[in-house]
Amino acid sequence: MTKKNDQGTIENPQRRQFLGATAAIGALGAAGASGTGLLMGSRPTAAAQGSNGYSVPLGELDDYYGFWSGGHSGEVRILGVPSMREIMRIAVFNFDSATGWGQTNESKRVLGSDFINGDTHHVHLSYVNGTYDGRFAFTNDKLNTRVARIRLDVMKTDKITHIPNVQAIHGINPQRWPRTEYLLAAGEMIAPLPNDGRHMDEPEHYWTLLSSLDAETMEIRWQLWVDGNMDNLVTDYTGKYAGASCYNSERGMTLAEKMGSERDWAVFFNIPAIEAAVAAGDYTTIGDSRIPVVDGRGADKGGSKYTLYVPIPRSPHGINATPDKKYVVVSGKLSPTVSVVEWSKVDDWFNGKISDPRDTIVAEPEVGLGPLHTTFDGRGDAYTSLFLDSQVVKWNIDDAIRAYKGEQVNYIRQKLDVHYQVGHIMASMCETVEADGRWLVSLNKFSKDRFIPAGPLRPENDQLIDISGAQMKLVHDGPTYPEPHDSLMVRRDLINPIAIWKRDDPFFAETVAMARADGVNLEQDNKVIRDGNKVRVYMTSVAPSFGLDHFRVKLGDEVTVVVTNLDNIEDLSHGFALVNYGVNFEISAHQTASATFIADKPGVYWYYCSWFCHALHMEMAGRMMVEA
Ligand code: K7E
Ligand code: CUA
């Protein structure tokens, strides 16, 4: 309900300033745009602060595509920014009852059959020259150790790769320069290597690996054996280096063991050196896996040919590259500091020009309690989320570098309360060279009193902050279903999805080939093909009818229903839903989709269209007759 006024400003509606939560909700709701002065503790603000239009007028479109991870929902979501409207959910690792993801043959070919859940933390898009090329999004599955690719033209997942030899993929990052040819994926939890039951009680056998995937095929090209664990991951703007944070340099098994050291590290990877080792055969393999594994351990010596271990206080978490291509910021989590590493000094270390890994650090500002992630506005300022302080702190990178050299400068620009316990923060376009400093999203883990209570499980609170002016301005509370860890805001002109499927789309090419082998032309035929006890039912859909108003099968048949939507109209999706058989899937304009099931119950079963498509949508139905 929070709105800005005509000058584009709004008083920060901080609940902490309110005397009574209930009264505050009422005041906020009733006050609307001009009445924010009614709020306890608020005062008028300067119109000069912040220039973004927050409300998106009816009928107008958002400026940014927001890509939100869905955490343990296993999905990826698209929000419009700045409206914060949820526009679409993209099923990735999860079963989706609405679209039939996890049930259609087309989605099962992507998903495999092992799991119907996942835990997505990070979404990143493919790059060309340090900005987005609009082709792919990538996300991780911490739960079942996978990575997935989403095609941005149709907003569907098209590849899922399980990563062997490691457990829990957490950080991922695509190559940013000159274009995304590889995707890096960090294994978080150390586990016995190989994990065959022999070394369960011997922590010295516990390790994790970095994996590099070919972004076109999503096949794993190599893995790198590292010390410690890996948490978050970042690539640089040359294509040469990448880095990961480590919160368990101790390689501990228990909480106390993991927190033993005052410093853990950020580990930096020399990608060309690793690829040269793979080309030269300088690697091992693990268990049945044929993936080349290069040995990048050596933290005790500061690193190796392939790795540089930079000591960082303490259990660091976020690791983010600045849009000016120069620095990478590692957020200290249990230390009130963030460490600023200069990429060119990482290069110097690998080239022997400096020897102390700590000499790659050019600043270590103290920013507040519980720094988790850092983001950038492209104007030289950084913003770090403070989990324990429940704040976003804005600080200046150049001033922090001067302070590290001993100058007396205040690098802190502002601290803004957020509600509450913030994890990731992300500014618009901040993971590219085109960071534009307009919006920042604060993904808060707790919403506490911000929304009407809906049971013991509360939503999280994704807050929108205007960062276009000198001061950050909080403008919106957005409840989200658990758990968006991370988000990206991508300029609208960089994303160009299609409105109607192309008939030769690879997503359903195998189904089209099956029809062709059956002599069926999907664009016109409605046919039932029997092949032993396998029955393939081909039908079209044109609002408001399916091409077949009934079909007959025999009890025990394996039935594959293939539906092709011939409607030529944007936004006209049908669904095929079969009563008491648990079948339901989406067929959007010009799409072909199919599902296979056993006809294990005799009698008549209605199928109906599940997407409201026409005035006669209710009549869009037919009967499956199962002969006993
Ligand atoms: Cu910080 Cu999994 Cu990126 Cu959550 S991670 S906050
Ligand atoms: Cu077709 Cu509803």
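Please read these numbers as outputs of a predicted model, since none were measured by experiment. Order of listing sets the numbers, starting from 1, for every ligand and every atom in it.
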Sub-4.0 Å heavy-atom approach of E483 to ligand 1: no
Ring center gap for F115 and F93 short of 6.0 angstrom: no
For H122, the ligand 1 atoms whose distance to one of its heavy atoms is below 4.0 Å: 2 (Cu), 3 (Cu), 5 (S)
Residue H485, metal atom 3 (Cu) of ligand 1, N/O/S under 2.8 Å: no
Under 2.8 Å: N/O/S of C609 next to atom 1 (Cu) of ligand 2: yes
H574: its N/O/S atom lying closest to atom 1 (Cu) of ligand 2 (atom name): ND1
2.8 Å cut-off met by an N, O or S atom of H424 to atom 3 (Cu) of ligand 1: yes
Short side-chain donor-acceptor distance under 3.5 Å, D462 and T480: yes
H617 and H574 aromatic centres sub-6.0 Å: no
Nearest non-hydrogen protein atom, atom 6 (S) of ligand 1: K445 NZ, 3.4 Å
Stacked cation flag K333 on Y247, 6.0 angstrom / 45 deg: yes
Over all atoms of both residues, closest heavy-atom pair of A186 and M230: CB-CB, 3.8 Å
Which of the ligand 1 atoms, numbered from 1, are nearer than 4.0 Å to a heavy atom of H373: 1 (Cu), 3 (Cu), 5 (S), 6 (S)
Under-4.0 Å heavy-atom contact with ligand 1, by part of L443 that carries it: neither
Ring centres under 6.0 angstrom apart (F551, Y607): yes
Contact with ligand 1 for L372, non-hydrogen, under 4.0 angstrom: no
Rounded distance (nearest 0.5 Å) linking atom CE of M155 with atom CD1 of I90: 5.5 Å
